[in-house]
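Chain A is the first sequence line, chain B the second, and so forth, proteins listed ahead of strands; every chain is numbered from 1. Scope of the values below: all heavy atoms of this structure, side chains included, with no hydrogens, waters or symmetry mates.
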Amino acid sequence: MDRYDAKTIEQKWQKVWADEGAFHVDDPQPGDDDPRFYMLEMLPYPSGTLHMGHVLNYTLGDVVTHFRRRNGTKVLRPMGFDSFGLPAENAAIREGGHPREITERNIASIENQMKRMGWAIDWDREVSAHEPTFYHWTQWLFLRLFEEGLAYRKAAPVNWCPNDQTVLSNEHVVDGRCWRCGFIVEVRNMEQWFFKITAYADELLAGLDTIDWPERTKKIQRQHIGRSEGAELLFRVDELDIDIPVFTTRADTVFGATFFVVAPESTLVDTLAEGSEHKEDVISYARVAAARPTEERQSREKSGVFTGRYATNPATGEQIPIWVADYVLMEYGTGAIMAVPAHDDRDREFAEKFELPIVPVVDEDGKLINSAQFDGQPWRDASKSIVAWLGDHGRGKASINFRLRDWSWSRQRYWGSPIPIIYCDACGMVPVPDEQLPVLLPDVEDYRPKGEPPLASNTEWLKVECPRCGGPGKREADTMDTFVDSSWYFLRYCDPHDNQRPFARELVDYWMPIDQYIGGIDHAKGHLLYSRFFVKALNDMGLLGFREPFQRLFHQGWVRQDGKRMSKSQGGVSPDELIDQFGADPIRIYILTRGPADQDIDWSPDGIDATARFIRRLWRVVHEAAARPVSPAGVDTPLAVKAHETIARVTDDIDRRFVFNTPVAAVMELINELSKAPDDPAARFAAETAVSVLQPYTPHVCEELWGVLGHERLWDTPWPTYDSSLLESDTVELVLQVNGKVRDRVVVPAGLSEDELVARAKASEKVQAHIDGRDVKAFVVPDKLVNLVI
RNA sequence: GCCGAAGUGGCGGAAUUGGCAGACGCGCCGGACUCAAAAUCCGGUGCCCGAAAGGGCGUGUGGGUUCGAUUCCCACCUUCGGCACCA
């Protein structure tokens, strides 16, 4: 028996798998009805190298991949790189060089790490977002969304990161700060590209009921979409002859609306101020308030200014004063509210500060008061009847409001896909014709953004003929955020080399939706929402035949180091040194046995030793068993039974329970039993079982040991089955309790009647000592337990 | 403030449908092998009392339901996430 040498074994089998294309999967042939499975982990961002969080993520996916393959399923398990984005560009600014060189160097080194980990990936389908063969089709898809009116450009208040010098989406502002660099985000009014994700708000909500996702993730998405039912009421400003709509969820309180407030960013501010004696105060307040950083604005101290205008309360007919105040947000509802100080804390605070009237309209019992004909109605009923009544007078209607905003995705930076749009003085905004795609990302002198996007500095590239009229035109110089790329990359894997279209519909319809998606919960309201939007929009255009991309979703826990989670930005332990020291197999098993895969792990190298020790023990015990005769068919010794139990447990854990730590414990138990009974006739069978079911975890050493046991190609060997009749024992250990406390255990034949079991219990001396002759009542769990209660 | 997840030995964790709490592993203790060490192997290891037999206690805290609760219900504490002037 040779010593277990991880390095030699791992290199040997990795070469075999690569040479044979062991994990390559072909396109389906017509009439192909093999069961299929699309296994995908979120693709890595290629900054630097992998960390232990990636190792957990991809090893999880690898176990599932091997398990499904060996259960007779065709498994698509591709890999690619989210290779556009700021970090490479910032590194280029910092260290010199081109972002492309930095990115491709990183990809090469991560690929190398992935291959050293032995992950069963179909490398023939690899794609990277920065390659023209990929972003060609990102641009093409953008043009389709543009044609549908789902991509548009407009001036709007957007989040500006002063450090990265670019716009951020709402989803990537965390606590008022840039998710990448942590700088406080400013609100700027700029013209930007958006996707009309709000058009799908209802559907994005409803679709959640059709997919198997963690409930907490669905809740995050539901909360982010923020659907609320209410009413839109019209408040008239007679002097200006305008109606101002407001959204409210409490139309029942309209009789208590004693003043009216408009957000400082609202276009109404100018209209209201014009011609008012308060004009200068209003304009200067609005300007100051709108420019205030979000953080400061959220301070509780109320501020505001009276416009000198009045609106008509549609219920009472009273003239109520119109104020401008920054506690009203432009981005929610209509940017204007009816203020009901008696029943809203914020309105009350404002009313108290500025001495505005407070009129209660709902009593302690939830019934209406001071509300004319609605007095006495419970508030929920009143809400409906008031909306109906106002509706009859053309002053209101039921309405649904969403918190979700359209997705702003244009960036004023370099390293992203160009946006295939040309601005022509005569024709306006003109899409680049499909046959001129891709618009290649040109080189620039300097990546540093200086008030305008870097691409604008390349005038040769920028100036172009208008495709429509042939006149002078200018290219769009903003680029796409990487989240556009990652909203459809999983579709490209289904047809990665197609140069006629982004993907063939029959191929995506065959593989999609993804059966199991694995990735961090940090993408709950970004990537996971954007991708759902893309799929719904592409389905409506007839480009694909399904409406949800990710049928089942799992979030691996964070691997934390020094209390901080390992991530692309935080860095962390590199697996390379660990592979050098221990080998990939011990690391794979180690990272999956720290605990349940969806819980966070505190990184510590303690225990990798133990894992390596277990593999050496497996190595030795299997070699010893390989010297034993082949186990006869139908062998039913206790060791054989243990082996069957192990198959049952591991299968159930991976397949039904989706837990990955306990199967290894089951195999350890089997190995312990085997080492205690080396001469058992089932010894060889037990060794084969252990090697076979451990293969998804440690594919290299198991492949080697499979050869030692006289077999080959374990990666293509059907998953073992167990004999359930062997799992039913003739005898069982019966637990005897008195008053719920365990007093004795006896071995009895299986299948005894309840009466017999009670008799056996009463026969126990230890039980008798506790009953002491008193009357008892018996509770029986057949074949398991008898509880005698005095 | 609102919403959600979690809390089990010295440590990581297990207990799948209300039925033996602590599987498996780490660490520690004892032993074998060794001149010695490493490696390996064997045994022990929740806490308290007890020489032992045995008994008591024990899954964040306090209550409840039940013959029986780590598991279900209520309240609270702590930690971690999401949202937050959302009308």
*Asks:* Need to verify one output field. Residue with the more 5' nearest nucleotide on RNA chain B, A:Gly595 or A:Met338?
*Replies:*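 Upstream on the strand: A:Gly595.
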
*Asks:* Can A:Lys7 and A:Asp5 be said to form a salt bridge (Lys or Arg N to Asp or Glu O under 4.0 Å), step by step?
*Replies:* CA-CA 6 Å; A:Lys7 197 174 218 171; A:Asp5 176 9; over 6 Å; no

*Asks:* Compare side-chain N and O positions of A:Arg594 against OP1 and OP2 of B:C26 and report whether any pair is under 4.0 Å apart.
*Replies:*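 Looking at the OP1 and OP2 atoms of B:C26, neither is under 4.0 Å from any side-chain N or O of A:Arg594.
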
*Asks:* Checking one value: the base orientation of B:G9, syn if chi is within 90 degrees of 0, otherwise anti.
*Replies:*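 Glycosidic conformation of B:G9: syn.
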
*Asks:* Tell me, please, whether A:Phe350 has A:Lys302 positioned over its six-membered ring: NZ or CZ under 6.0 Å from the ring centre and within 45 degrees of its axis?
*Replies:*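 Geometry flag: not set, cation outside 6.0 Å or 45°.
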
*Asks:* Any side-chain N or O of A:Arg616 below 4.0 angstrom from OP1/OP2 of B:U40?
*Replies:*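 Indeed, a polar side-chain atom of A:Arg616 lies that close.
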
*Asks:* Within the modelled atom types, does a donor on one side and an acceptor on the other bring the side chain of A:Lys302 and the base of B:C85 under 3.5 Å apart?
*Replies:*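 Yes, the side chain and the base share a sub-3.5 Å donor-acceptor pair.
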
*Asks:* Looking at A:Trp323 versus A:Phe260, is the centre-to-centre ring distance below 6.0 Å?
*Replies:*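 That pair fails the under 6.0 Å test.
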
*Asks:* Tabulate protein N/O versus nucleotide N/O from nucleotides 63-68 of chain B, keeping only pairs under 3.5 Å, one per line.
*Replies:*
{"unit_1": "B:C67", "atom_1": "O2", "unit_2": "A:Asn787", "atom_2": "ND2", "d": "2.6"}

*Asks:* How far, in whole Å, is B:G25 from B:A14 if one measures between their P atoms?
*Replies:*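 Their P atoms lie roughly 15 Å apart.
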
*Asks:* Is the Lys NZ or Arg CZ of A:Arg552 less than 6.0 Å from the centre of A:Trp213's six-membered ring, within 45° of the axis?
*Replies:*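 Not flagged: A:Arg552 not positioned over aromatic ring of A:Trp213.
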
*Asks:* In the structure shown, which nucleotide is the Watson-Crick or G-U wobble counterpart of B:G43, with both distances under 3.5 Å?
*Replies:*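 Partner of B:G43: B:C29.
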
*Asks:* Between A:Asn401 and A:Glu733, which has a closest nucleotide on RNA chain B that is more 5'?
*Replies:*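 Comparing both residues, the 5'-ward one is A:Glu733.
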
*Asks:* Spell out yes or no: do the side chain of A:Arg656 and the base of B:U16 have one donor N/O and one acceptor N/O closer than 3.5 Å?
*Replies:*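 Answer yes: a donor N or O sits under 3.5 Å from an acceptor.
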
*Asks:* Looking only at the aromatic ring of each residue, does the gap between the centers of A:Phe483 and A:Trp179 stay below 6.0 angstrom?
*Replies:*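 That pair passes the under 6.0 Å test.
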
*Asks:* May I ask you to evaluate whether A:His770 reaches the phosphate of B:G55, defined as a side-chain N or O under 4.0 Å from OP1 or OP2?
*Replies:*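 Answer is yes, contact under 4.0 Å.
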
*Asks:* Regarding A:Asn672, tell me which of base, sugar-phosphate or nothing describes its non-hydrogen contacts under 4.0 Å with the strands shown.
*Replies:*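 The answer is sugar-phosphate, as A:Asn672 gets under 4.0 Å only of primed atoms, P, OP1 or OP2.
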
*Asks:* With a 3.5 Å distance limit and no angle check, can you tell me whether A:Thr258 reaches the backbone of A:Pro357 through a side-chain donor-acceptor pair?
*Replies:*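 At least one qualifying donor-acceptor pair exists.
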
